[in-house]
Peer 1: 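Structure in structure tokens, see below.
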Number of protein chains: 2
Amino acid sequence: MSATLKDIAKKVGIHPATVSRALNPRTAHLVNPATVAKVKKAAAALDYLPNPMAAGLRTSRSHTIGVVIPDLNNPLFPGMVRGIQDTLGRAGYTPLLVNTDNDPDIESHLVASLSARRVDGFILATARRDHPLLAQLSEKFPIVLINRVSDSVQLPSVAADEQHGIRLAIEHLYGLGHREIAHVAGPAWSSTGHERSQAFTRSMKDHGLVTSKRISAVSSWSIEAANECATRLIKADPAITAIVAANDQLALGSIAAIKGMKRRCPRDISVVGYNDMPFMDIVDPPLTTVRVPQNDIGSEAARLLLSMLVEEGSTSVKQVRLTPELILRSSTTHPRVEK
Amino acid sequence: MSATLKDIAKKVGIHPATVSRALNPRTAHLVNPATVAKVKKAAAALDYLPNPMAAGLRTSRSHTIGVVIPDLNNPLFPGMVRGIQDTLGRAGYTPLLVNTDNDPDIESHLVASLSARRVDGFILATARRDHPLLAQLSEKFPIVLINRVSDSVQLPSVAADEQHGIRLAIEHLYGLGHREIAHVAGPAWSSTGHERSQAFTRSMKDHGLVTSKRISAVSSWSIEAANECATRLIKADPAITAIVAANDQLALGSIAAIKGMKRRCPRDISVVGYNDMPFMDIVDPPLTTVRVPQNDIGSEAARLLLSMLVEEGSTSVKQVRLTPELILRSSTTHPRVEK
DNA sequence: CCAGGTATCGCAATCGATTGCATAACGGGA
DNA sequence: TCCCGTTATGCAATCGATTGCGATACCTGG
């Protein structure tokens, strides 16, 4: 089939071991520059491609990384995957992508099958806060968490600065004159949901605003759940003039709720989303939202994991936070003056 | 690290080769059922995981499939990827996913790196109609095309029945009373764009409608390009009452064009999309569109490729067409009666 | 001219699973 | 009782790259 080291060796008239050294940048200095040149030429002529299985078998490193995503259909993740793929690929690594559907059982199963594939490390984007797998897995593999942090185990992670993002949203609303601001929070089991909810409470307090009865968490990251949730909030407290949603789906659900109650967004109630998924600029109304740098999160996570793979000694656990920005569109405006 | 066949062999007191045969369903009949049972128990006790590199090195089959996608950020593809992953995973295969950004150079590079990884086959979703790579690649690997067909080389493919989908759209508009129907077509180099454009012409003719000057192709699958394109069409022929767009992005661009010309959709001009991407139900106006079964396309392609991997003998080239359906929403209505 | 380096390269073992071939045990028919 | 065919298992080569160790040649300073 494809050419092997032995073929090159025969062609040049040297031993396969020397060919191996010549072709490996890390060991090329051990072999005569002239032979290196000859080897490279022969390799190109035979269009030699190293067999990763043979190399992997010997070195027990597959140069693959398991990437575990809750749901690829959620537009938040493809961007991150892109970032991961690009920087991993540049370093000669290949991501193995899987979906968990947010199901812990499926996740265990998939992680097991990735382990069987002998991945060199993991990038996990699964959202659950309490996860028994994490502790075990982190003992056997280098791991980087993305779009979340772990509160039980201390693990490297790359995520958005949720505190900052939520603050941006609230400062924006406050600047517009809003004082009665509610929060449609993410599921309690979700890491990001939890963080953003806490950030909401803190930022509101910093602005001297009250949050009592103004926070309600959905049971799942769905438009329908947010619809119910926002409806409940507004009914309980009709004075509400603005809603900060824990992500864009929840913002969409909140807008649906507002429409469902025969009120208008942003005229009656302003809504701010989070993530800036694709197409959020063309929904009705175009959504003001906090944009998280999805590509950067992915590439940063890949970089972090790669660095862990080379310098195994370092014990420092890096937790990277990327700064989000506020995207102003049309779902927010001044609160209506009371007549 | 992990247990090997030798470990199991030692534990049971037999030769590693026997263990290998016992664990392989295809050869298990060669070994005494009693020993098979003992081997399985021991394997479970040591939680043995076969080393795919060792197996792959010996058998030169990696049990991986290269999956080449133009752009994962396009919501059309994650669904297909899901379908692929699910059925490949069930068969013990792992997809290796890459993005090409519709760039032929990047594509060649990525395909090369997947070949280096010794994938067992390819699933290609790249859209270009004329592709030099295809012919060469198909000689060395089993290949299945998705969401497109090849017109130069005869290759297995899984795609939507574009003819049927476009017909659904036109029948719908015709039934509403539209007669002046235009088509915002996909790029000429695109397989789907080309097919849908041809289907448009044919279906229009079948309804006795004229298409002259009513078809204009965009240069890229973007909202902006469609905006320009639709603007041009409408200006050239103000009588137009409906637009069939070659996909949802183009439909969104067409709607933007209508709004930009201070006209309204669907009151002044109806628009039908294609694909039914996520969130097309909440854009303004909610988009009437032709839904293609994304998951099914993916899983069908995976099934097809897997079947090609086992029965290498068969020379028949299967070309599967899946039936799309029309999703009625609010971007279409009766044409306005002339005053 | 020799001892001690250094630069290059060959040798052979190794990673873990697979598989053609050989071998041993066993049972049944002549 | 002997021969032959199954059945069950062992043996050893093999896949292709990596790498510790040893060997050779060459060079430099003393």
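Every heavy atom of this structure was used, including side-chain atoms; hydrogens, water molecules and symmetry mates were not. In what follows, chains carry the letters A, B, and so on, assigned in the order in which the sequence lines appear, proteins first and then strands, with residues in each chain numbered from 1.
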Peer 1: Which nucleotide wins on minimum distance to the side chain of A:Leu57, given the candidates D:dA17, C:dA17, C:dG16?
Peer 2: C:dG16
Peer 1: For B:Ala55, report the nucleic acid contact type (base, sugar-phosphate, nothing); a contact means any heavy atom under 4.0 Å.
Peer 2: sugar-phosphate
Peer 1: What nucleotide, of D:dT9, C:dA12, C:dG16, holds the atom closest to the side chain of B:Asn51?
Peer 2: C:dG16
Peer 1: Which is true for A:Ser60 with a 4.0 Å heavy-atom rule: it touches a base, it touches only sugar-phosphate, or it touches nothing?
Peer 2: nothing
Peer 1: Counting only distance, no hydrogens or angles, is the base of C:dG10 paired donor-acceptor with the side chain of A:Arg21 under 3.5 Å?
Peer 2: yes
Peer 1: Is A:Ser20 close enough to D:dA17 that one of its side-chain N or O atoms is under 4.0 Å from OP1 or OP2 there?
Peer 2: no
Peer 1: A:Ile14 has a side chain; which of C:dG10, D:dT19, C:dT19 sits nearest to it?
Peer 2: C:dG10
Peer 1: Reckon B:Thr35 touches a base, only the sugar-phosphate, or nothing at all at heavy-atom distances under 4.0 Å?
Peer 2: sugar-phosphate
Peer 1: Counting only side-chain heavy atoms from C-beta out, which of C:dC9, D:dC11, C:dG16 sits nearest to B:His15?
Peer 2: D:dC11
Peer 1: To the nearest Å, give me how far apart CG (A:Asn24) and C1' (C:dT8) are.
Peer 2: 16 Å
Peer 1: If I take atom CG in residue B:Leu49 and atom P in nucleotide C:dC15, what distance separates them, rounded to the nearest angstrom?
Peer 2: 18 Å
Peer 1: Give me the atom names and distance for the closest heavy-atom approach of B:Asn102 to B:Pro104.
Peer 2: O-CD, 3.5 Å
Peer 1: Any base atoms under 4.0 Å from A:Arg26, or only sugar-phosphate, or nothing? Heavy atoms, all strands.
Peer 2: sugar-phosphate
Peer 1: At under 4.0 Å between heavy atoms, what does B:Leu30 touch on the DNA or RNA strands: base, sugar-phosphate, or nothing?
Peer 2: base
Peer 1: For the CD1 atom of A:Ile143 and the CG atom of A:Leu304, what is their distance to the nearest 0.5 Å?
Peer 2: 12.0 Å
